[in-house]
There are 2 protein chains.
Amino acid sequence: MYSSELIKGTLKTIVLKLLAEHKKMYGYEITQMVKEMTKDKIQITEGALYPTLHALEAEGILITETEFIGKRVRKYYSLSPEGKKLTKEKLSEFADFMNTMKFLLDIKPKQA
Amino acid sequence: MYSSELIKGTLKTIVLKLLAEHKKMYGYEITQMVKEMTKDKIQITEGALYPTLHALEAEGILITETEFIGKRVRKYYSLSPEGKKLTKEKLSEFADFMNTMKFLLDIKPKQA
DNA sequence: TCCAATACATAAGAAACCAATGTATGTGAA
DNA sequence: TTCACATACATTGGTTTCTTATGTATTGGA
């Protein structure tokens, strides 16, 4: 686990990228996928995720569709057209930011 | 300028790294150096910097010495032994974090 | 049957930052 | 010489964003 301050500000970008790759996902699935992909180094809490998803939906970035698995509700999120545009912007901004930080902190790239 | 959420959580790491490289620096100097090095992409505000410096000093991470330039006070900060240790940890954590994010967001490294 | 996992959600509070403001000195151009 | 800008410190109030805790309900496995 990273110190919590580091992860701040990256949640939105992570969510958007995952949705861009997987078309549609539900909240719990997102938390589990991030946990797996990062080998528990990044854990998205539900208290952080759900409010973010709701906010992005309210902004028209995400679209939802509800599905019933037995009696249990599952709420799928996917990117709206504006969402796809925003995702590209966020990702390129993040890549730029990482290069800037790498330069600023003089971090050597890992051997490929 | 990056969207402000991105920069969150990186301030402490940036300050520690700059102090490790330059032995001693004062607050205003730090803001200007970051501004220059990042070509205005990252601007550290004084409202964020000074409280951080004070906190790090209170924790024993930073040591201060005051100097007078004419009638004007200048407060130099440098790393304590604990500060040097913490800096190494923070930098390696950040490097690790960047690799994790690069993988998660599937970001291709820039050509050298 | 009962605990863990699945799956949603909210609410209270903390952490970290931003914007604004304040004080004071030094400096260069009109 | 005066006035705007740069240097250099600092604090305060508010916002954003996340954490911790809690709540509800269903489902699956030991």
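Chain A is the first sequence line, chain B the second, and so forth, proteins listed ahead of strands; every chain is numbered from 1.
- Thr87(A) contributes atom OG1, which lies 8.0 Å from atom CG of Leu62(A) (distance to the nearest 0.5 angstrom).
- Although no hydrogens or angles enter the test, the distance criterion places no donor-acceptor pair under 3.5 Å between the side chain of Thr31(A) and the main chain of Ile44(A).
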Sequence-aligned protein contact record of nucleotides 13-19 of chain D, with B where the base is within under 4.0 Å of a protein heavy atom and S where only the sugar-phosphate is: ---BSSB

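- One atom, CD of Glu59(B), and another, P of dA15(C), lie 12 Å apart when rounded to the nearest Å.
- Considering CE of Met25(A) and CD of Gln32(A), their distance stands at 10.0 Å, rounded to 0.5 Å.
- When rounded to the nearest whole Å, the span between OH of Tyr50(A) and C1' of dA11(C) equals 16 Å.
- DNA chain D lies under 4.0 Å from at least one heavy atom of each of the following residues of residues 70-78 of chain A: Gly70(A), Lys71(A), Arg72(A).
- Using a 3.5 Å distance cut-off with no hydrogens or angles, the side chains of Tyr76(A) and Thr66(A) do not pair a donor with an acceptor.
- Rounding to whole angstrom units, CD of residue Glu36(B) and C1' of dA6(D) are separated by 14 Å.
- With rounding to the nearest 0.5 angstrom, the NZ atom of Lys90(A) is 4.0 Å from the OG atom of Ser3(B).
- Using a 4.0 Å cut-off between charged side-chain N and carboxylate O, Lys24(B) and Glu67(B) make a salt bridge.
- Protein atom NE2 of His54(B) is 18 Å distant from nucleotide atom C1' of dA15(C), rounded to whole Å.
- Summary of helix geometry: the two end axes of the helix from dT1(C)-dA30(D) to dA30(C)-dT1(D), each defined by five base pairs via their C1' atoms, are inclined to each other by 20° (rounded to 10°).
- Taken together through direct or relayed side-chain contacts under 4.5 Å among Ile, Leu, Val, Met, Phe, Trp and Tyr, Leu53(B) and Val73(B) form parts of separate hydrophobic clusters.
- Tyr28(B) contributes atom OH, which lies 7.5 Å from atom CD of Glu46(B) (distance to the nearest 0.5 angstrom).
- Met33(B) places its CE atom 13 Å from the P atom of dT7(D), with the value rounded to the nearest Å.
- Checked by atom type and distance alone, the side chain of Glu36(B) never pairs as donor or acceptor with a backbone atom of Met33(B) at under 3.5 Å.
- Taking hydrophobic clusters as Ile, Leu, Val, Met, Phe, Trp and Tyr residues chained together by side-chain heavy-atom distances below 4.5 Å, Met98(B) shares a cluster with Tyr2(A).
- A salt bridge does not link Glu5(A) to Lys8(B): none of the charged side-chain nitrogens sits closer than 4.0 Å to a carboxylate oxygen.
- Taking atom CD of Glu57(A) as the reference point, atom P of dC8(C) lies 12 Å away to the nearest angstrom.
- For the pair Tyr26(A) OH and dA5(C) C1', the computed distance is 11 Å after rounding to whole Å.
- We find that CG of Leu53(B) is positioned 12 Å from P of dC17(C), with the value rounded to whole Å.
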